[in-house]
Amino acid sequence: MKREAIREFFRRLHDADPEPKTELEYASPYQLLVAVVLSAQATDRSVNLATRKLFAAAPTPEAMVSLGEDGVAGHIRTIGLFRNKARNTVALSRLLLERHGGEVPAGREALEALPGVGRKTANVVLNTIFRQPVMAVDTHIFRLANRTGLAPGKDVVAVENALLRRVPKEYLLDAHHWLILHGRYVCTAHKPKCGECCVRDLCLYRDKTA
DNA sequence: ATCCCGAGGG
DNA sequence: CCCTCTGGAT
């Protein structure tokens, strides 16, 4: 996609949703971190159903450690990969208390040192909580970047770097959420809704059937 | 490359 | 039945 087309692409997403934000429910940086860890290979809707119960029982890292793996698992059983996620949630909470006074660290290295936190989760926290201009490339953004021709790449790191190079600076801070939301509701994996897409004319794909 | 792993949609 | 959902660790 050409430079001016990319600018127009984000201009339209901005007009449609001037202040995009995550649909994950959370009441603190700690809760956002946990919610993102739980969101791997799961829908936001199912994560929110689980975290409502989980955060009511354990709103802080101290309470999460007390609740324990089995206790956490009991609240998140309806999410896929729940055993790994329960283990990581407790271990991560323990590490936050030991190394960071129970606070969420603002650096990539410290975040990725936490169990269950990889590059994508760290980028979500850095962007959403600390408002840093980074790109968390998840399943939606990877698909959309390649399908539209916005920022093609073989793997997620290649797409991340392509986006950082190509997204205009003034849109970079919110680009993550615009792309996620567009991928979730319009540019879906199966049968994308090209008929109701505001950037269809800029897209490489342009579904023939819609 | 493989495993983890429930719910919802088609 | 199949695929997908804001991945990470081994």
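Every chain is numbered from 1, with letters handed out A, B, ... down the list of sequences.
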Let me know the distance between [atom1] of [X] and [atom2] of [N], rounded to the nearest Å.
X	N	atom1	atom2	result
A:K191	C:dC3	NZ	P	16 Å
A:D155	B:dA1	CG	P	13 Å
A:Y185	B:dG9	OH	C1'	15 Å
A:K85	C:dG7	NZ	C1'	8 Å
A:L114	C:dG7	CG	P	18 Å

Check: Pairs in or reaching into residues 149-164 of chain A: which pass side chain to side chain donor-acceptor pair (under 3.5 Å), with residues at least two apart or in two chains?
Finding: A:R119-A:E160

Could [X] and [Y] be called an ion pair, given the rule that one side-chain N must be under 4.0 Å from one carboxylate O?
X	Y	value
A:R131	A:D174	yes
A:D201	A:R206	no
A:K85	A:E69	no
A:R11	A:E4	yes
A:R45	A:E23	no

Next item on the list: With sequence neighbours excluded, tell me which residues meet ring pair (Phe, Tyr, Trp, His ring centres under 6.0 Å) with A:H100.
Entry: none

Check: Looking for any heavy atom pair under 4.0 Å, which part of the strands does A:V117 touch: base, sugar-phosphate only, or nothing?
Finding: sugar-phosphate

Next item on the list: Would you indicate what A:R87 reaches in the nucleic acid, counting non-hydrogen atoms under 4.0 angstrom: base, sugar-phosphate, or nothing?
Entry: nothing

Student check: side-chain heavy atoms of [X] and [Y] closer than 4.5 Å:
X	Y	value
A:Y171	A:F9	no
A:M64	A:T89	yes
A:T78	A:S46	no

Between [M] and [N], how far apart are the [atom1] atoms? Round to whole Å, please.
N	M	atom1	result
C:dG8	B:dA7	P	23 Å
C:dC2	B:dC5	C1'	16 Å
B:dC3	C:dT6	P	24 Å

Checklist line | Residue among A:H176, A:R108, A:Q132, A:E112 satisfying side-chain hydrogen bond (donor to acceptor under 3.5 Å, both in side chains) with A:N123 | finding: A:R108

Tabulate protein N/O versus nucleotide N/O from nucleotides 4-8 of chain B, keeping only pairs under 3.5 Å, one per line.
residue: B:dC5; atom: OP1; partner: A:R83; partner atom: NE; Å: 2.6
residue: B:dC5; atom: O4'; partner: A:L81; partner atom: N; Å: 2.7

Within the pair [X] and [N], is there a side-chain N or O less than 4.0 Å away from OP1 or OP2?
X	N	value
A:R184	C:dT6	yes
A:T121	C:dG8	yes
A:R143	C:dC5	yes

Item checked: Within residues 19-34 of chain A, residues whose heavy atoms come under 4.0 Å of DNA chain B -> none

Notebook entry, point to check: Which parts of residues 176-183 of chain A get close to DNA chain B, meaning a heavy atom less than 4.0 angstrom away?
Noted result: none

Check: Which sits closer to the 5' end of DNA chain C, A:G116 or A:H140, going by the nucleotide each is nearest to?
Finding: A:H140

Margin query: Counting only side-chain heavy atoms from C-beta out, which of C:dT4, C:dG8, C:dT6 sits nearest to A:H190?
Written below: C:dT4

Checklist line | Non-neighbouring partners of A:V65 that pass side chain to side chain contact (heavy atoms under 4.5 Å, CB included), sequence neighbours left out | finding: A:S93, A:R94, A:L97

